Each structure stands twice: as structure tokens, then as C-alpha cells.
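Along the sequence shown, residues are numbered consecutively beginning with 1. All figures in this text were calculated on a predicted structure; none of them were measured in a lab.
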Amino acid sequence: MDKIWLKSYPDSVPAEIDCTQYRSVTHLLEESFQKYADRNAFVCMDKFLTYRELDQLSQQMGAWLQSKGLQPGARVAIMLPNVLQYPVAMAAILRAGYTVVNVNPLYTPRELQHQLIDSGSVAIIVLENFATTVEQVLPHTQVKHVIVATMGDLLGGLKGTIVNFVVRKIKKMVPAFSLPGAISFNKMLAEGSRLTLTPVQQGHDDIVFLQYTGGTTGVSKGAMLLHRNVIANVLQNEAWMSPVMTPEMRATSMGFMCALPLYHIYSLTVSALMGMRLGGMNVLIPNPRDIPGFVKELAKHKIVVFPAVNTLYNALLNNADFAKLDFSSYKVCNGGGMALQRNVAERWLKLTGCPLIEGYGMSETSPVVTGNRVDITEFTGTIGLPFPSTEVAILNDDGEEVALGEPGEIAVRGPQVMAGYWQRPDETAKSMTADGYFKTGDVGVMDERGYVKIVDRKKDMIIVSGFNVYPNEVEDVVASCPGVLECACIGVPDANAGEAVKVFVVRKDPNLTVEQIREHCKHELTAYKKPKYIEFRDELPKTNVGKILRRQLRDEKKVA
């Protein structure tokens, strides 16, 4: 199919982007360190970090990592929320010639152990609040080096001390842990300051991030994102924003809101990396669930770019103090990770004067594939148009393109598409077509203007507040609970999270309770994966070969 979407592009958005202007993501970062040295790059809890300071700190950490004899391309895990240590660690790992493995700090020991073993990570940077999880799995992994950070590390002497005291003693947010061979973040920086970082050669085909995503098998897989993939998506996003980005704005330090977790590729690419490419300042929010605290941070800064998910926009709209803020600087508010709701989009536009721009992407696509025009004035109900240098095809079950307006699986080809799944050639082969399209598992239609709308999901994946939940993983955990005969997991509509997890259970032990299942899940699944609803059944619908029919459960009229 011809690229029919190009006729719907704004005049200032190019059909193609040029990835060759950067050799690597490291090259992009180092250019910004020099170009914007005196600008603020990040701010967290009122502590500002300039590009020059980020350059220096990441050199120190990178030199320290190199001094440990890690092999080129070694995997180094980051298990941090949105704090200043994250951009330092990310830049350091890349500058030292290694690969970043992003880890959700809220992972259970089971989830963390799988990711560390599968990735072959040899080092990890973890916030002390989550160090107990690392302690429990460390002996089973290849991790040799553990760096323990605290909330107060980079906040300055007195302030850092006070913050650490409050976190540890008042809020009691740091469970006891013992990691005898670990080094503190600040001691590591001090040691690194006496060392010299050796520059490394990196190219477009080297792996920059191992971005873990669930699978239909329930086993989390690492999407191999190459330097080329991530450079491309940064430049694609920048090009897409060009209709509202004036030369005057580019000449100043634009405020990027970084409320979504940086271990999520959406925030990492659209907030952190694009922010640094443009010399902007990222406002890091360690806990966006604290809406009153979040609103106070928003009041302090002139935000220009604000990527978030529907649930976060909705929560802000329902906060009285948010309505009192000055929104005049807002230019791009990207909604991704989950479907935007019309009501939320319309309320946001009415209050802020800035439209919510719904887009679509996946970890495997670095992540953005499509987006609505940034100059729209009304909600479209679509995921928008394919980005520059991106091809979207709608395929039938035989892998052939369907006619316009006909539903089929959304498939993507472009420079942002991953190289494949880490050490899983079988899964890679299943997800790619012979001519290089990545099959997303989402069912969509494309109209004559090139706009794409999602109509169904081929896979059984559930999206809770922008996070992927795979039913097989939840079912594996619930099935291991004593007293469970069999179970099935589906997603059900949820006003706040978009979808919630529901599990149907057939009991082996008639005395088994919902509370017992919840307690069992608490230790095995991170919060967003835990079942919100648990319903007991005498039997589950099955095919004639005994496969449980999740779709039939979803289609029941009174699911929740």
C-alpha cells in the first residue's frame, strides 16, 4: 500500500528522518553535554542537575564500571524510580560501552530473578528501598557488582541527610537488607573521580537497551533495542512535534514532565532522551501517585512537553489544585501506553487549552509507531498516523494486506523496530514477517486518510494503567496457590486503570478463600498484575481439546 498517510501530515513534518546524524545514543548524549553545558538537564525534589554536572558524574561512574573489567556490551541493570541517579547511571553505562537493562523497582523476587538471569546482568544499581529484593535473588544470578543508592545521594549534604532520615526512620520505607559486597552510590562516584573514562566505539547495530516485555507464554522477554532504533524514535518524535516547536522555544530550556517511570521505554525515549536531545529540563517525579505532591511540582515549572497515560491525566483533572495552575506553556501532551478516553481528552483540552495527542507504540518499537497530529483541536478516537520513516500494514491471518477499512493485525516496519528478542530466535521469528514487519498482536483498521484505529486485541494481553499484564503469568501464579484446581485470567473494564485483572478460579479445596489467593499473589506479582477481582466457578469454558476459552469469559455480559 502506498504511504497514504503522508497526505495527512502537517507541512512541517518530513516523510523521512535521518538516523545517520548520530553514531550512537552515547554520541547524542555527549553532544548535548557539550552544547547545553550550562542548562539544567534534570530536577528532582528541587535539586537541579546541569548538563555539565551530568557529564561529569556519568564519566566518574562510567570509569568506575570500566575499572571492574566488564566486557564490552555487558548488561548492567538499573532498578531505580525517577531520581537523579537514573540519568547519571544510564549515561554512565552507555558511555562505558555497556547495555542498560531497565528493571521495575517494584518487582517481586521471582520477577527480578528471571530478568537478571535471562539478561545475564553482571551489575545492578538499586535504590536502598528495594535492596532487600536484590538480596533475596543475588546468589542465583551472575551479578558481581551492586551499587546501592539512597534518595538523598545527589541532593546535597544537609538536604540529602534529612531526606534519607525521613525515608528511613519516619516513613520507614527501607526494609532491612544485607548486601556485604555492595558499594554506596556516592562512594562509587568518589572512587570513579580518581579514574579516567576510556571512550568506546559504538555503532547503530549495538544493543543500547534490553527492554523487558511480557509474552504470550507468560515469560518476560528482552526486546533488543539497538542504538539505531532509539536514535530513530527520538528524531521521529521530535519531527512530529515540529508544528508547535518554534525556533524561540528550541533556543530555551523547555520543560519536560517526567512522571512516568524511566524504566518504561515511553518515558525514557519521549521524556528523557528527547528532552536531552533538545537541551530541555526533565522534571523527575519519583511518585506520581501522590497527586497533591505532583501538582505542587507542576506549579514550580513551565512544562512544554507532558507525556502521560490516561489514568494520570484523569487523576490530575480530579484534583482541585491542578485547575488553578498556569497552563500557558503547555504545547504537547502525549497520551500513550493505554487508550485515551474521550471524556478525559475533552476535559483536558477545555481546562488547559492543550490537546491530548493519542499515540501508539510498544517496547519492541522503541516505542512510538503512530500519533495524532499535535495541532488537532478535537479528539479523533484513533491512534493517529504512522510516524516519519514508518510503515504500517494491516494484515489478515495469511499475512496479506487487507483493504482499507477492513480489520487486520497491525504490523510495523521502520528504523525504530527492535532487532529481535534477546536469546529467543523462536519468539523473534513468530513476531516478524519475511519482509521485515513486526506483528503487534493488535487488530486495527486504517481509513483512507491513513489514520489507524485499534478495534481488538489478537493477544490476550491486559493493559493496566499503561503496563502490560500477560494472563499466562497471572494464571501460573494463581494456579500454584494451594487449593486451586484451575484458573483463567482476563482483563475487564476499569474506570481508573482502563483495564483491571480478573481471575476465575475452580477450587480443589472448597474452603479456599479470596483472601488466601490475594495473599499468595501479593508475594509473587507486582501491584499492577495482582487480580482486582476473583470469582469462583464450578467449571471454566473450554474447547473440545480442553483449552480454556478466555474470550468466552470476556464476552459474558456481566464480567465484573
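- Using modelled atom types, no side-chain atom of Asn282 and backbone atom of Cys258 make a donor-acceptor pair closer than 3.5 Å.
- Within the 3.5 Å criterion, the main-chain N or O of Val88 finds no donor-acceptor partner in the side chain of Ser58.
- Using a cutoff of 4.0 Å between basic side-chain nitrogens and carboxylate oxygens, Glu499 and Lys532 are not scored as salt-bridged.
- Interatomic distance, Ser24 OG to Ile231 CD1, rounded to the nearest 0.5 Å: 6.0 Å.
- Under 3.5 Å, the side chains of Asp118 and Tyr212 contain a donor-acceptor pair of N or O atoms.
- Aromatic ring orientation, Tyr263 versus Phe467: tilted (interplanar angle from 30° to 60°).
- Using cut-offs of 30° and 60° for the angle between ring planes, the Tyr51 and Tyr36 rings count as tilted.
- Side-chain contact check for Ser389 and Glu16: at least one donor-acceptor pair (N or O, by modelled atom type) lies under 3.5 Å.
- We find that Glu391 and Lys3 are not joined by a salt bridge, their nearest charged nitrogen and carboxylate oxygen being 4.0 Å or further apart.
- A salt bridge links Lys529 with Glu111: the closest approach of a Lys/Arg side-chain nitrogen to an acidic carboxylate oxygen falls below 4.0 angstrom.
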(message) Working note: Val101 + Ile78, criterion side-chain contact (heavy atoms from CB on, under 4.5 Å); need CA distance, chi angles, decisive distance, verdict.
(response) CA-CA 6 Å; Val101 179; Ile78 304 180; over 6 Å; no
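- Between Met241 and Glu238, every side-chain heavy-atom pair lies at or beyond the 4.5 Å cut-off.
- Residues Asn237 and Arg277 bring no donor and acceptor atom of their side chains to less than 3.5 Å of each other.
- Comment: Lys350 does not engage Glu346 in a salt bridge, judged by the lack of any side-chain N to carboxylate O separation of less than 4.0 angstrom.
- Across every non-hydrogen atom of Val478 and Pro531, the tightest pair is CG2-CG, 4.5 Å.
- The closest side-chain heavy-atom distance from Phe256 to Val283 is not below 4.5 Å.
- Ion pairing between Lys453 and Asp447 fails under the 4.0 Å rule for side-chain N and carboxylate O.
- The heavy-atom pair separating Trp240 from Pro243 by the smallest distance is O-CD, 3.2 Å.
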